[in-house]
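In what follows, residues are counted from 1 in the order of the sequence shown. Not measured: the values here are computed from a predicted model. In what follows, every heavy atom counts, from backbone to side chain, and hydrogens, waters and symmetry copies are set aside.
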Amino acid sequence: MSSTTSDPAPAAPQPSPCIRRCCLDDADVCVGCGRTLAEICEWGQASEPRRREICAAAERRRRPTRG
C-alpha cells in the first residue's frame, strides 16, 4: 500500500551571512555581515533554527537607524 501524503521537504540549510568583509567595530560586531563575534564563533556548531535567529539579528543590526 502506498501513501498519498507527502512529508514537507526539509528547509534548506541556512547559508552563512558572511560576505568576506570581516572587520569588527568597537562593539565586536562585524561591519560586513552584522554578526557579533560570539555569533561568528557559534556558527559552526549552531542548529538550523539558531542560525536563522543569528541571521535575523544580524540583518536588524545592519539596517540603518533613523534619527
Side-chain angles (χ1 to χ4, degrees):
M1 188 177 344
S2 65
S3 175
T4 58
T5 59
S6 61
D7 293 327
Q14 178 66 51
S16 171
C18 181
I19 59 171
R20 306 287 185 237
R21 297 171 91 192
C22 306
C23 183
L24 299 177
D25 65 12
D26 292 337
D28 282 341
V29 173
C30 178
V31 298
C33 70
R35 291 180 292 172
T36 65
L37 179 58
E39 291 167 341
I40 293 167
C41 292
E42 175 186 2
W43 187 263
Q45 300 300 315
S47 66
E48 286 301 313
R50 177 63 182 138
R51 286 181 175 197
R52 288 190 290 276
E53 290 172 2
I54 290 170
C55 286
E59 179 63 30
R60 286 190 299 273
R61 286 185 205 105
R62 291 178 54 219
R63 286 187 198 139
T65 57
R66 292 182 178 178

For residues 10-26, dump all side-chain donor-acceptor pairs below 3.5 Å to protein atoms at least two apart in sequence or in another chain.
unit_1	atom_1	unit_2	atom_2	d
Ser16	OG	Cys18	N	3.2
Asp25	OD1	Ala27	N	2.9
Asp25	OD1	Asp28	N	3.2
Asp25	OD1	Val29	N	2.9

Listed by chain and number, what are the salt bridge (charged side-chain N to carboxylate O under 4.0 Å, His left out) partners of Arg62, not counting sequence neighbours?
-> Glu59
Can you list every salt bridge (charged side-chain N to carboxylate O under 4.0 Å, His left out) pair that touches residues 37-46, not counting sequence neighbours?
-> Glu39-Arg61, Glu42-Arg50
For residues Cys55 and Arg52, determine if any side-chain heavy atom of one lies less than 4.5 Å from a side-chain heavy atom of the other.
-> no
Run through the side-chain heavy atoms of Ile, Leu, Val, Met, Phe, Trp and Tyr, join any pair under 4.5 Å, and report what else lands in Trp43's cluster.
-> Ile54
Go through the structure and list residues passing side chain to side chain donor-acceptor pair (under 3.5 Å) with Glu48, not counting sequence neighbours.
-> none
